[in-house]
Structure formats: structure tokens, C-alpha cells
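Everything below concerns the one structure shown next.
We name chains A, B, ... by the order of the sequence lines, and we start the count at 1 in each one. None of the values given here were measured: they were computed from a predicted structure. Scope of the values below: all heavy atoms of this structure, side chains included, with no hydrogens, waters or symmetry mates.
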2 protein chains.
Amino acid sequence: MFKKFKIPEATVGRLTAYSRYLKEADEKGISTVSSQQIAKATGVTPAQVRKDLAYFGEFGTRGVGYNPRELYNYIMKILGLDRRWPVIIIGAGRLGAALAMYGGFAERGFDIVGIFDVDPAKIGNKVGEIEIRPLQELKEKVKDLSIKLGIVAVPAASAQEVVDFMVDCGIKGIINFAPANISVPEGIVLRRVDLASQLEYLTFHLGESR
Amino acid sequence: MFKKFKIPEATVGRLTAYSRYLKEADEKGISTVSSQQIAKATGVTPAQVRKDLAYFGEFGTRGVGYNPRELYNYIMKILGLDRRWPVIIIGAGRLGAALAMYGGFAERGFDIVGIFDVDPAKIGNKVGEIEIRPLQELKEKVKDLSIKLGIVAVPAASAQEVVDFMVDCGIKGIINFAPANISVPEGIVLRRVDLASQLEYLTFHLGESR
DNA sequence: TAGATTGTTAATCGATTAACAATC
DNA sequence: TAGATTGTTAATCGATTAACAATC
């Protein structure tokens with residue numbers, strides 16, 4: 001879309017942080033922010049902010065700064081968030097159910113429209129407004145709603161199998177919460193979130209400073 | 001502890017992945033693995049595996065490879081996981097409750113020993129075996145059990161306040177699930193996990209390939 | 001014009017990879 | 001010894017930062 005060169009991996013996460021600050025600033029009625037202000041609020045350098053934005057265009061005014069609302073809208077567009085996205089969750093265990101209810105997704109334009117499981121005991125139960133459905137119904141749902149995004153919250157042992165099925169059903173982007181190393185075909189975007197590993201990062205660094 | 005030089009940020013996460021594979025290999029009765037096998041299983045290069053390990057010592061045998069159980073134990077020690085860690089959660093909303101029940105933490109040595117909230121309506125309710133307690137009781141609990149680790153699952157607006165209080169209570173390492181940019185004093189390890197941002201990574205990359 | 005801040009280039013820094021001597 | 005694989009150095013690659021011309 002906007003991409004001219006290879007974008008550093010970390011840029012995407014920082015754009016999210018910038019956008020959250022810009023939204024706040026706009027809501028406060030602030031009409032101009034500088035790269036320095038954005039940097040301070042998000043814990044990076046002003047050069048980093050300007051460099052991240054420069055990959056996608058020119059959004060500021062020299063000598064002045066950026067308009068928060070305008071820049072917010074640009075970043076949301078860059079991130080693909082100038083629309084809402086339907087998302088399905090596979091795995092209606094505790095984590096899957098919690099993610100289905102997590103308000104932070106809807107706030108950023110992600111609507112959980114389905115939750116699927118293979119456990120017959122769970123089928124028909126409700127998670128908030130959504131009824132847990134059998135995994136076999138995934139393909140139809142994906143087709144009907146043109147769903148591109150899915151979240152995997154199943155045990156590690158069945159994660160690869162589930163991901164293969166999701167890809168088969170037409171899902172194009174997957175977040176994997178199972179502590180398993182999964183592979184996907186070319187063209188499918190996969191992201192692993194290892195919750196325990198986050199705590200391990202802490203214990204590693206606490207140990208380091210001994 | 002082992003550290004001689006600056007360790008790349010990403011090394012810690014990769015060590016987690018290596019350790020999971022090594023555990024599996026050991027459980028299968030495999031007596032030797034090569035850097036190439038570890039690399040293949042975790043999606044990195046063999047050179048990366050050897051380099052990551054080299055920061056901490058020499059764990060293999062030239063011409064032969066690594067013993068999975070031995071290397072697993074070494075890595076667990078490096079990560080600070082040669083012991084169990086008590087962990088508290090602040091925020092007994094849906095996400096906090098789900099994290100409290102998530103089995104993946106205990107598997108890696110993290111025991112959720114308390115969950116705290118400020119909402120009087122929640123105090124006394126149970127999440128699994130654990131009773132939700134008022135936040136004022138945190139300090140005593142931290143002291144009694146020598147707790148170093150905490151997870152923040154409160155709304156963004158109160159996250160900084162809660163983190164300040166945790167630090168005051170003696171918590172040294174914090175995972176923040178609130179979509180807010182938090183700052184902590186020198187010596188406190190903070191890690192932010194932005195769940196919505198994970199989905200944004202997908203939409204960004206799906207948009208990219210247009 | 002003087003002061004401020006962007007957009008961008010060049011310099012720096014750090015992480016990954018390739019290559020190979022050491023050695024089983 | 002021949003074959004294999006580690007540990008480590010040097011080369012490469014990529015990301016961050018500093019610096020500054022452009023310009024409001």
C-alpha cells in the first residue's frame with residue numbers, strides 16, 4: 001500500500017503506541033504535537049518517531065509539528081484499521097473465553113464474531129453474546145462473513161492441526177496463544193504470543209541484576 | 001549471573017522456545033540434538049542457536065551435539081526457572097481472571113498466589129481456588145510470600161497508579177496488559193503486552209501484500 | 001528574520017549470519 | 001582417519017540515532 005522499503009518489525013508496534021497517544025491528545029483538544037512529545041509519551045526517541053512515519057509519507061508541518069487527529073487517521077489507515085475486522089477464536093477454554101470477552105479488541109476495530117471448539121460439552125454454551133459452535137462450522141462462517149483473522153487458544157498438542165484447518169478454511173492471519181512452534185504456508189501471517197515467556201523475560205532480567 | 005556481554009532482547013524469547021523443544025526431545029528419549037535440529041524446530045538458523053547459547057557458556061560436545069536434558073536444565077537456570085515463582089495479579093476482570101486460571105504459567109514454574117481488585121463487588125469472589133482480595137492487602141501478601149512478580153490487568157486509565165502502588169509494595173517485575181504507556185523506577189523490570197496490537201500486526205501485513 | 005520542527009541522509013550501533021578452526 | 005558439529009570470529013545486514021538542510 002504505502003510501503004516503499006522494508007519496514008522494521010518493531011515499527012508496527014510503535015505505530016500502535018503513537019496512535020493511542022494521538023487519540024488522547026486529540027480528545028484533549030490539542031491541535032499540534034511534536035515528534036518530541038510523541039516520543040516522550042511512548043518511550044522512544046524523536047528521531048525514531050519521525051523515521052517510523054517517514055516510511056509511509058509526510059504527515060507533519062516543518063517548524064510546527066503534527067495535527068493529532070490527522071496523524072491518528074493516517075496511522076490507523078497504515079495499520080489497516082480504517083475499517084472493522086471480524087475475528088474468530090478457536091478454543092473455548094478459559095483463555096479463549098477471556099479473549100472473546102476482552103474489550104480491548106473492539107476498541108481497536110476487531111469484532112469477535114465466533115468462537116469454536118471440538119469439545120461437545122462446550123457446544124451451545126455462551127461466551128457473552130456468542131454461542132460456542134463446533135469447529136466443523138468454521139469454513140461456512142469464514143466464507144459467509146469474509147473472515148480473515150483468527151486467534152488460536154487451544155492446547156499446544158493440537159495447535160498445528162487447528163492452524164492447518166484454519167488456513168484450509170480461508171483464514172489469512174493468525175495469532176497463536178498455544179506454546180507451540182507452528183508453521184504456515186507462504187502468504188499466511190502468523191504471530192505467536194507466549195504468555196509464560198513474558199514472565200520469563202522478567203525472571204531473566206531480575207536474575208541478571210544479581 | 002552468567003552474563004558477560006549485552007544479550008540481545010530477542011535471545012530470551014528464543015531460549016524459551018529452545019527449552020520447550022528440548023523438553024519434548026528428552027521426553028521422547030532422544031539423547032543428542034544438534035543446533036540444526038533445535039533451529040528447525042523453532043524456526044531460526046543453527047548459527048543463531050549456537051550464538052544464543054554462547055552468551056552463557058559451552059553446553060555441547062563438538063562433533064556430537066547437545067544432550068537435551070542437560071541443555072534444558074541449563075537454559076531453565078539461565079532464565080531463572082530453576083525454582084518456582086509466586087505471582088500476583090492486579091485486576092479481577094475477565095482478562096485478570098482468565099490469566100489467573102491459565103495453566104501455561106504453572107507449567108513453567110509460575111504460581112498465581114493472589115488476585116486483587118478495588119471493586120468491592122468482586123472482593124470475596126473466587127477465581128478457581130483463589131479468593132479476590134482488596135488491593136490494600138497487597139503489601140502484606142508481597143512481604144509474607146516474598147513476591148517479586150506481578151501482572152497488571154486493569155483499565156488503561158488506572159494502570160500507572162496501580163503500577164506505582166505495586167512498586168511501592170515491593171514488586172520488582174511487572175507484566176502490563178493495559179494498553180497504556182507506563183513508567184517505572186530504575187531497577188524495576190516492566191514488560192508491556194498489547195493484545196490488540198498483535199491483531200494490528202496481522203492487518204498491517206495483510207494490507208501490505210495488497 | 002529568528003526560532004522551531006520536520007523529513008532525510010549519513011554515521012553509528014547492534015544483531016544475525018557465514019565461515020572455519022577446534023575437536024569429538 | 002574421515003565425518004560431523006560445536007564455539008567463536010569476522011563479515012554482513014538491518015535498525016537506530018545524530019545531524020542538518022528544508023521550511024513553516
(Q) For B:F105 together with B:Y102, are the ring centres under 6.0 Å from each other? (A) yes
Q. Among side-chain atoms of B:N181 and B:R192, is any donor-acceptor pair under 3.5 angstrom?
A. yes
Q | Residues which pass side-chain hydrogen bond (donor to acceptor under 3.5 Å, both in side chains) with B:Y18, listed by chain and number, not counting sequence neighbours | A | B:D52
Q) Can you give the dot-bracket line for DNA chain D, using ( ) for pairs inside the strand, [ ] for pairs that cross earlier ones, | for pairs with another strand and . for unpaired bases, where Watson-Crick and G-U count if both distances are under 3.5 Å? A) ..||||||||||||||||||||||
Q | Pairwise 5' ranking along DNA chain D for A:V64 and A:T11, keeping only the more 5' one | A | A:T11
Q.
Ring of A:Y55, cation from A:K51 - is the NZ or CZ under 6.0 Å from the centre and inside 45° of the axis?
A. yes
Q | Which residue lies more 5' along DNA chain D, comparing A:T45 with A:T61 via nearest heavy atoms | A | A:T45
Q. When you check the gap from the basic side-chain N to the acidic O, do B:R191 and B:E9 get nearer than 4.0 Å?
A. yes
Q: Please figure out whether B:Q48 or A:G65 has its closest DNA chain C nucleotide nearer the 5' end.
A: A:G65
Q.
Ring centres under 6.0 Å, that's the criterion: do B:F59 and B:Y66 meet it?
A. no
Q: Check the side chains of B:S19 and B:R108 for a donor-acceptor pair under 3.5 angstrom, ignoring hydrogens and angles.
A: yes
Q. Counting any heavy atom closer than 4.0 Å, what does A:S35 reach on the DNA or RNA strands: base, sugar-phosphate only, or nothing?
A. sugar-phosphate
Q) For DNA chain D, which nucleotides open and close the run of contacts to chain B, 5' to 3', at under 4.0 angstrom from a non-hydrogen atom? A) D:dA4 to D:dT9
Q | Derivation and outcome, salt bridge (charged side-chain N to carboxylate O under 4.0 Å, His left out), residues B:D82 and B:K77 | A | CA-CA 5 Å; B:D82 52 343; B:K77 197 166 183 177; 5.0 Å; no
